[in-house]
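Encoded as structure tokens, the structure appears first; notes follow it.
Throughout, protein chains are lettered first and strands after them, A, B, ... in sequence-line order, and every chain is numbered starting at 1.
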Protein chains: 2
Amino acid sequence: MKSAIPETGVPITQPAAGNDRQEASLHGEILLRLRDYVVEGNIPEGGRVPERQLCEMLRISRTPLREALKVLAAEGLIELLPNRGARVRQLSPRDLEELFDVMAGLESLAGRLACESITDEEIAAIERLHYEMYGHYLHRDMHGYFQTNQQIHESIVAAARNATLKTTYANFAGRIRRVRYSANFARKRQRWAEAMREHEAILDALRRRAGSELSDILFAHLRNKRSAAIEHLAEGPDSARETAPQRS
Amino acid sequence: MKSAIPETGVPITQPAAGNDRQEASLHGEILLRLRDYVVEGNIPEGGRVPERQLCEMLRISRTPLREALKVLAAEGLIELLPNRGARVRQLSPRDLEELFDVMAGLESLAGRLACESITDEEIAAIERLHYEMYGHYLHRDMHGYFQTNQQIHESIVAAARNATLKTTYANFAGRIRRVRYSANFARKRQRWAEAMREHEAILDALRRRAGSELSDILFAHLRNKRSAAIEHLAEGPDSARETAPQRS
DNA sequence: AATACAAAAAATGAATGCAAAATGATTGAC
DNA sequence: GTCAATCATTTTGCATTCATTTTTTGTATT
């Protein structure tokens, strides 16, 4: 039987640089590596994750690996079936809806909080990102657009000055990362223009420090993304793939 | 050397009934028990949690216990110092502010979502809880008030029909449970009356399915709770203790 | 040839063992 | 008498081992 993990003899990747607080103990190292490995989509959805193989890959024994797996399961990235090993969690359409909604709630919250303490400089930085993104939009540069878009949203979360929120946000972002990426490519031209308008509204509310309003706008914005993603997956993720640039 | 754990020879409590999805494997059992044990405040803040002792207590070996500890650490309930064991996480005032704000965001989201699909029956049930709570208010029954209040908020979360949100909410609720409980006793009469008015506004918005409005009200409501809790802790948690009924 | 049963192989869950680090105590120096 | 250094004990981190459960494979029977 073929395993789900591609057999590179080399230990996966170097520990991710800017993740979050995690001690340097071997187990923590493993956790970071494994998380990135899963989030980056190196294992197909629902694919089995044989412990033995991962152990060889990471050159460690099963004990710290299993600890890491338990944590990843708690984070919702994988699921542990009793006596039947770990699988990469398969997200049902309903799961996705739920995740998007929670993300929407978190960003909405981030916006509200950001309005309480964001500085003019931070807003200026976001404005610069906005214009950069507008450039990508004009050039039809999906990849650039996606990245800058992500940066804007992360800037808002950062401006909320709430480390707990930031961590939680990162967790959820990780869970839907693959889908979210492909969801952005699902955007039809019309939706794209719409998103740009929404971003203008976001900036406007931010400038006025209108927390409650921004909260509404961000929620609606994410809700629209959700719809795009769901439709996209419904009609098959490959249909829009041709417009996607190669991923380096 | 005295340990932080009271030495009951009896294995702590029975596995919590209505917690969340967790397989019945020994490890899962342990996880549930330990989580409850910590959440219920059986270990003082910052207290050490010696593995050996817990093992004897739970009658298991260290392996599954350590797995459970890792998960609890990921959930933010305890922290693991490298080579120095586990401690119950001590929440700084800033941590509390952050946690309350995230809770506020989650409830705010729950309200918004609830407005999309809540039934008249569910609203009626919440109304009943509201009147029950009003009774507790009139009788100055803090404990009853606290419990009913909790039920109302949980009903709103349930009405959001989002299992992911519910789980996340439960997680955060667990983290601040002790503080939250005492925070409710911190309420001065004035704040209490204020909270009642806020709850009326919540119900009103809910009846009208005014999602955005409800979102604002809930956020403000939780923010006020936050303030009360912070002030309360600043002046020392014992100052209001005399009004607290005995805990069963 | 297909199905059912059985035995072997593999994988998981938990316990034990061993090395390294930390904690505490004892001893020695000033 | 106080402080510091060394040594013993405890505790943690990880590897290894043992026991079950699952999965696979081979064989026999229909």
Side-chain angles (χ1 to χ4, degrees), chain A residues 1-7 11-12 15 21-35 38 43-44 46-74 77-89, chain B residues 1-7 11-12 15 21-35 38 43-44 46-74 77-89:
Chain A
M1 178 204 167
K2 188 94 171 54
S3 157
I5 300 178
E7 303 195 11
I12 38 183
R21 82 278 117 94
Q22 193 64 43
E23 64 279 20
S25 63
L26 173 52
H27 148 267
E29 188 96 349
I30 297 302
L31 180 57
L32 292 179
R33 282 204 199 178
L34 251 187
R35 179 160 36 214
V38 172
I43 308 175
R48 286 195 53 171
V49 187
E51 293 180 1
R52 187 60 61 95
Q53 202 153 342
L54 283 174
C55 288
E56 291 170 8
M57 217 156 141
L58 300 163
R59 319 287 182 104
I60 54 166
S61 80
R62 284 175 55 217
T63 310
L65 177 79
R66 296 185 93 250
E67 290 172 352
L69 287 178
K70 293 286 190 301
V71 172
L72 291 182
L77 277 166
I78 64 177
E79 56 188 353
L80 265 45
L81 300 142
N83 291 318
R84 305 179 77 218
R87 293 170 189 279
V88 173
R89 184 160 168 204
Chain B
M1 177 206 161
K2 189 90 170 54
S3 155
I5 300 179
E7 302 194 12
I12 40 184
R21 82 276 119 91
Q22 193 64 41
E23 64 279 18
S25 63
L26 173 50
H27 149 266
E29 189 98 346
I30 296 302
L31 180 57
L32 292 179
R33 282 202 198 180
L34 250 188
R35 179 160 36 212
V38 173
I43 308 176
R48 287 194 50 174
V49 187
E51 293 179 0
R52 184 65 64 93
Q53 202 152 345
L54 283 174
C55 287
E56 291 170 9
M57 215 156 141
L58 298 163
R59 321 287 182 102
I60 54 163
S61 81
R62 283 175 55 217
T63 309
L65 176 79
R66 296 184 94 254
E67 290 172 353
L69 287 179
K70 294 287 190 300
V71 172
L72 291 183
L77 277 165
I78 64 177
E79 55 189 353
L80 266 49
L81 300 137
N83 289 320
R84 302 172 88 233
R87 291 171 190 281
V88 173
R89 184 160 169 203

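- At whole-Å resolution of the value, CG in A:Leu65 and C1' in D:dG13 are 15 Å apart.
- The side-chain heavy atoms of B:Ile30 and B:Leu54, taken from C-beta on, include no pair separated by under 4.5 Å.
- Spacing between atom CD of A:Glu51 and atom P of D:dA15 amounts to 13 Å, rounded to whole angstrom units.
- You won't find any donor-acceptor pair under 3.5 Å spanning the side chain of B:Ser61 and the base of C:dA14, going by distance alone.
- Among B:Gln53, B:Arg87, B:Arg84, the one residue that satisfies the side-chain contact (heavy atoms from CB on, under 4.5 Å) test with B:Arg48 is B:Arg87.
- In this structure, CZ of B:Arg66 is placed 14 Å from C1' of C:dA15, rounded to the nearest angstrom.
- Following rounding to the nearest Å, A:Leu54 (CG) and C:dA11 (P) show an atom-to-atom distance of 12 Å.
- The side chain of A:Asn83 has D:dT22 as its nearest neighbour among D:dT12, D:dT22, D:dA15.
- By the 4.5 Å heavy-atom criterion applied to side chains, B:Glu67 and A:Lys70 are counted as neighbours.
- Heavy-atom distances to DNA chain C give each of A:Thr63 and A:Gly85 a nearest nucleotide, and the one nearer the 5′ end belongs to A:Gly85.
- Of the candidate nucleotides C:dT12, D:dC14, D:dA15, C:dT12 has the atom nearest to the side chain of A:Arg48.
- Per the geometry, CD belonging to A:Glu56 stands 13 Å off C1' belonging to C:dA10, to the nearest Å.
- Here D:dA15 is the nucleotide among C:dG13, D:dA15, C:dA14 with the atom lying nearest to any side-chain atom of A:Leu26.
- Contact detail for B:His27 and B:Pro64: the closest heavy-atom pair is CD2-O, 4.1 Å.
- Following rounding to the nearest Å, A:Arg87 (CZ) and D:dT22 (C1') show an atom-to-atom distance of 12 Å.
- Rounded to an integer number of Å, the gap from CD1 of A:Ile60 to P of D:dT16 is 12 Å.
- Between the CZ atom of B:Arg52 and the P atom of C:dA22 there is a distance of 19 Å, given to the nearest Å.
- Here A:Arg62 does not reach the OP1 or OP2 of D:dC18: none of its side-chain N or O atoms lies under 4.0 Å away.
- Taking all atoms of both residues into account, the shortest heavy-atom contact from B:Arg35 to B:Leu77 is CG-CD1, 3.8 Å.
- Under 3.5 Å, the side chain of B:Arg84 and the base of D:dG13 form no donor-acceptor pair of N or O atoms.
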